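The shown structure was predicted, so the numbers you read here are calculated from the model rather than taken from an experiment.
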Amino acid sequence: MLGVLEAVVVRVSQFLMSSFRAGTGASIVAKKEDDVTREVDLAAEEMAYHMLRESFREGGVLYGEEKGVYRWGDERYIFVLDPLDGSLNYAAGIPLFSISLAAGRYKEGSISDLEYAAVAVPPTGDIYTASPELGARKNGKPVERSLKSNIVFVAVSNSFPEKTCEVIRRLGLRGRSLGTSALELIFTAEGTARGFIDLRGKLRVLDVAGALTFGKYVPGFKYFIQGDLVPHGRISIIAGDEEFINAATAL
């Protein structure tokens, strides 16, 4: 399972980086609620879908960000995909975006089914993977959380909650936003940041399913979620070490 997921994100990453360097794919082809779909989003999702269907011919259900749900065969596996997390960065020419893919045996159709993950960062070439057998790894090497930061990644938008600022201020931390929630959560899991906060209730589970699945294999990393835990559900989340989460939720 994990080998296929890694192969998928590597292939899609190569495509994304090639398109990024060529300056193509940023055109908007659809709008939905507070998000947009670009040409490159659709192309990356279709590429991942065809690779997964070819590798898992028995059956699967793929929850994609752009075209919804793909079903085939006996639907024994679940896949949750964000083909391009950070598409606004991509369109603006900022080399900071990722592709996130998580999978497992289909049971409940929620993130509780997910056991395997692969998250790729095309601009740097880094690959984060996770499985019950191997745990969490970065570029093939085991990840151990090493906390050396007072940075908290925060989700910002027109509906940015004031309570997010209060948490950061009262805990004496510094807020930052990279524009790619999956990567921000990965960095938090490995200890590059102290925590991650998104209290808007707008973050989709599929945006961060790969990162959360990766994180559950990193000792010391935890998260607190409110919302609907199905792939297309919307959530609020606080993530980091237990001390940070307890302090943030208390505020």
Side-chain angles (χ1 to χ4, degrees), residues 1-16 29-30 32 35 37-87 97-122 127-137 140 180-183 185-186 203-217 225 227-235:
M1 171 69 80
L2 186 60
V4 174
L5 300 189
E6 186 171 359
V8 170
V9 299
V10 167
R11 178 66 188 92
V12 174
S13 293
Q14 292 170 346
F15 164 72
L16 291 175
V29 295
K32 48 186 185 299
D35 199 6
T37 297
R38 303 180 190 278
E39 290 179 351
V40 69
D41 294 310
L42 285 176
E45 183 168 293
E46 285 289 320
M47 179 180 294
Y49 163 63
H50 288 296
M51 290 184 69
L52 289 170
R53 182 159 184 163
E54 179 65 23
S55 297
F56 297 96
R57 297 183 181 182
E58 313 98 310
V61 180
L62 169 63
Y63 293 88
E65 181 184 20
E66 309 307 331
K67 295 183 70 174
V69 184
Y70 305 73
R71 300 179 182 274
W72 69 97
D74 61 12
E75 303 181 3
R76 71 178 64 182
Y77 299 113
I78 179 174
F79 304 94
V80 182
L81 170 72
D82 187 344
L84 177 55
D85 185 46
S87 62
F97 44 87
S98 59
I99 169 175
S100 171
L101 179 60
R105 278 277 185 173
Y106 196 102
K107 299 173 184 176
E108 300 178 1
S110 72
I111 60 173
S112 63
D113 295 346
L114 304 176
E115 296 184 283
Y116 301 86
V119 178
V121 190
I127 307 290
Y128 295 86
T129 58
S131 71
E133 299 82 9
L134 298 175
R137 293 178 173 253
T180 165
S181 296
L183 192 52
L185 270 169
I186 287 286
L203 182 65
R204 289 164 300 188
V205 170
L206 60 80
D207 292 329
V208 293
L212 291 178
T213 303
F214 171 86
K216 76 179 184 179
Y217 295 104
I225 289 180
D228 191 350
L229 299 184
V230 299
H232 286 100
R234 303 277 180 164
I235 59 172

Tyr49, Tyr77, Phe56 screened by ring-ring contact (aromatic ring centres under 6.0 Å, His included) with Trp72, the one that passes: Tyr49

Passing candidate, side chain to side chain contact (heavy atoms under 4.5 Å, CB included) with Ile111, options Ile235, Val230, Leu229: Leu229

His232 side chain to Gly64 backbone, donor-acceptor under 3.5 Å: yes

Rounded distance [0.5 Å steps], OG1 in Thr180 versus CD1 in Ile99: 11.5 Å

Value rounded to 0.5 Å, distance of CE in Met51 from CD in Glu46: 13.5 Å

side-chain contact (heavy atoms from CB on, under 4.5 Å) involving Ser87 - partner list, sequence neighbours excluded: Arg38, Asp41, Leu84

Spacing of Ile78 atom CD1 and Arg105 atom CZ [to the nearest 0.5 Å]: 13.0 Å

Under 3.5 Å: donor-acceptor pair, side chain of Asp113, backbone of Gly104: no

Atom pair CD1 (Ile127) and OG (Ser13), whose distance is rounded to the nearest 0.5 Å: 5.0 Å

All side chain to side chain donor-acceptor pair (under 3.5 Å) counterparts of Ser110, not counting sequence neighbours: Ser112

Donor-acceptor contact below 3.5 Å, side chain Arg57 vs main chain Glu54: yes

Minimum heavy-atom distance between Ala211 and Ala182, given as atom pair plus value: CB-O, 3.4 Å

Chi angles and distances behind the side-chain contact (heavy atoms from CB on, under 4.5 Å) call for Val40, Phe15: CA-CA 9 Å; Val40 69; Phe15 164 72; 4.0 Å; yes

Working for side-chain contact (heavy atoms from CB on, under 4.5 Å), residues Leu114 and Leu212: CA-CA 9 Å; Leu114 304 176; Leu212 291 178; over 6 Å; no

Tyr116 side chain to Glu6 side chain, donor-acceptor N/O pair below 3.5 angstrom: no

Qualifying residue, where the test is side chain to side chain contact (heavy atoms under 4.5 Å, CB included) with Leu101 and the options are Asp82, Thr129, Thr213, Leu81: Leu81

Considering all heavy atoms, the nearest Asp85-Leu183 contact: OD2-N, 4.3 Å

Nearest heavy-atom neighbours spanning Leu5 and Ala117: CD1-N, 4.1 Å

Check: Glu115 main-chain N/O paired with Tyr217 side-chain donor or acceptor under 3.5 Å: yes

Test applied, side chain to side chain contact (heavy atoms under 4.5 Å, CB included); reference residue, Pro231; option that passes from Leu62, Val80, Val69: Val80

Considering all heavy atoms, the nearest Val61-Glu75 contact: CG2-CB, 3.5 Å

Gly86 versus Phe97, closest heavy-atom pair with distance: O-CB, 3.8 Å

Over all atoms of both residues, closest heavy-atom pair of Pro83 and Leu16: O-CD1, 3.5 Å

Distance (rounded to the nearest 0.5 Å) between Leu206 CG and Tyr63 OH: 11.0 Å

